[in-house]
Trainee: 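Quick one: this structure, given as structure tokens, is what I'll be asking you about.
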2 protein chains.
Amino acid sequence: MSPLYQQIKKRITDSLVAGLWQPGQCIPSETELANLYKVSQGTVRKSVDELVIENILIRRQGKGTFVASHNEENSQLRFLRLTSSENKKEKLDSRLLTFEKEKANSSLAKLLGISSATTIVSIKRVLTFNQKPLILDFIKVPAASFRGLTPEKIIEKNGAMYRMYENDFGIQMLHAKEKITAIAANAETADLLRIKKNSPILSVERISFTYENKPIEWRLGLCLTEHHHYASELD
Amino acid sequence: MSPLYQQIKKRITDSLVAGLWQPGQCIPSETELANLYKVSQGTVRKSVDELVIENILIRRQGKGTFVASHNEENSQLRFLRLTSSENKKEKLDSRLLTFEKEKANSSLAKLLGISSATTIVSIKRVLTFNQKPLILDFIKVPAASFRGLTPEKIIEKNGAMYRMYENDFGIQMLHAKEKITAIAANAETADLLRIKKNSPILSVERISFTYENKPIEWRLGLCLTEHHHYASELD
DNA sequence: GAGTGGTCTAGACCACCAA
DNA sequence: TGGTGGTCTAGACCACTCA
């Protein structure tokens, strides 16, 4: 038997998965949850503590506890670790290159926990900072989870993918794992990023997860690091 | 006035900085600390909770609470994010190339929070995994904090720097920030890593911090990522 | 002033570990 | 069996927000 607060945490998570409380909205107060689940307020607090640490909930003293959302101003670039080495303010834009449907190969299927030959939406785009190309992105998601995803929609949102996933498809990105390597740009990449062929670039492969650690997006970012760097904190 | 548990946390940290409780040893029990500081056990618990999250303390149910140590088997490679892409078991070795004393330039001095022209120990080494060169490391630390640091000592420890800092100099590495870019190997680097000149390699610049966020080591790692990758978790 | 999260207490009991 | 951390409770008061 798991501790009470873990069971409460699970029940809160279940309500979030079910969409009972929407991103950006506040959930019931701690005392209300305590009454609802027939436990003390301290136990609810411990459950909420963990969800706050996991960036699933956000506490605002005097106001309430809110469901995390990619629509917040701060959390817009929550998963973007690439920052300017000169700390300049930068304007991010997205240019969609291709939008295709295809069958998942076996390695992608394995990574996303789906059966191979499942239909996948495959997106290629370039992110620019201050008009200059910075990242060449390849994004693949299962088509079934994103019915109605169109090139127009992506263009309309100017590449704010996670915000779109949340608002239009009810899918919350909560966590991601990245594998980083240095590679030489091939001809096509070099052309799109406007650099010389074989220039060193950063390859960032990402798997994103939604509730209950379910993988839902694969992404490969090829990044210029002449004036930017990938920031990482270790402890 | 900060919350009580923050004050207690500070007092615990002070005792750690003073060396009252040594790495690997256990600190007084929660009830003892509660009596010592004249607060309830729950308040001590909250203080210790935070120190555990920061990897400064480690709880072991039934045994006690211990000061984190780089001597533990698990925490040996705590700050090494580079892992084999094939999940092979690997043997890590270090080959010391140069060991010199020099004056800090202004940018390094700024990063380490020391005055420029302070004497610095500058180390160059190659890390090999399974006999093959993998990382070319440049390490710089203030000489004053590491009196008695010699090439022999480094060789004796086979490059386990943080273990050595802890055991021989009483300095605990607790936290680090890294900046990652892709660069082209210059002639010297290519030679030492046994790759072709201009091959893409990962540049990892690290600042390490000890208690109270004091920067104490600068490091630049140039890494081969043919068969390895830098792993990063985002949330 | 009413409602929210944030802190603090005192005390009970459980789970784990070592002697 | 005794000591440790781990969980849970009930209740008090503080700090912040907003009407």
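A note on names: the letters A, B, ... follow the listed sequences, proteins ahead of strands, and every chain is numbered from 1. These numbers were taken from a predicted model, which means no experiment stands behind them.
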Trainee: In whole angstrom, give the distance that lies between atom CD of A/E50 and atom C1' of D/dT7.
Mentor: 12 Å
Trainee: Within the pair B/K63 and C/dA18, is there a side-chain N or O less than 4.0 Å away from OP1 or OP2?
Mentor: yes
Trainee: Parallel, tilted or perpendicular: which describes the rings of A/H175 and A/F209, with under 30° parallel and over 60° perpendicular?
Mentor: tilted
Trainee: Could you state the atom-to-atom distance from CG of A/L4 to P of D/dA10 in whole Å?
Mentor: 11 Å
Trainee: Residues of residues 34-45 of chain A with any non-hydrogen atom less than 4.0 angstrom from an atom of DNA chain D: list those, numerically ordered, please.
Mentor: A/V39, A/S40, A/T43
Trainee: Test of understanding: with salt bridge (Lys or Arg N to Asp or Glu O under 4.0 Å), list the residues that count as partners of A/K38, not counting sequence neighbours.
Mentor: none
Trainee: Between A/S2 and B/T65, which residue's closest nucleotide on DNA chain D lies nearer the 5′ terminus?
Mentor: B/T65
Trainee: Which one, C/dG6, D/dT4, D/dT9, comes nearest to the side chain of A/E30?
Mentor: C/dG6
Trainee: If I take atom CG in residue B/L57 and atom C1' in nucleotide D/dG5, what distance separates them, rounded to the nearest angstrom?
Mentor: 13 Å
Trainee: Is the phosphate of D/dG3, meaning OP1 or OP2, less than 4.0 Å from a side-chain N or O of B/S29?
Mentor: no
Trainee: A/K9 NZ to D/dT7 C1': how many Å, rounded?
Mentor: 15 Å
Trainee: Using only atom types and a distance under 3.5 Å, with no angle test, would you say the side chain of B/S15 pairs donor to acceptor with the backbone of B/L20?
Mentor: no
Trainee: I'd like to know if the side chain of A/D137 and the backbone of A/R125 have a donor-acceptor N/O pair within less than 3.5 Å.
Mentor: no
Trainee: A/Y165: which residues meet the side-chain hydrogen bond (donor to acceptor under 3.5 Å, both in side chains) condition with it, sequence neighbours left out?
Mentor: A/E217
Trainee: Tell me if a side-chain donor or acceptor on B/E166 pairs with a main-chain N or O of B/H70 at a distance below 3.5 Å.
Mentor: yes
Trainee: Is there a side-chain contact between A/E72 and A/R163 in this structure, where contact means two heavy atoms from C-beta onward sitting under 4.5 Å apart?
Mentor: no
Trainee: Quick one: A/D49 CG to D/dC8 P, roughly how many Å, whole number?
Mentor: 13 Å
Trainee: What integer distance in Å separates A/Q6:CD from D/dG6:C1'?
Mentor: 12 Å
Trainee: Rounded to whole angstroms, how far apart are CD1 on A/I27 and C1' on C/dT4?
Mentor: 12 Å
Trainee: Please report the distance, rounded to the nearest Å, between CD in A/Q61 and P in D/dC14.
Mentor: 14 Å
Trainee: Taking only N and O in the side chain of B/K46, is any of them less than 4.0 Å away from OP1 or OP2 of C/dT7?
Mentor: yes
Trainee: Are OP1 or OP2 of C/dG6 and a side-chain N or O of A/R59 less than 4.0 angstrom apart?
Mentor: yes
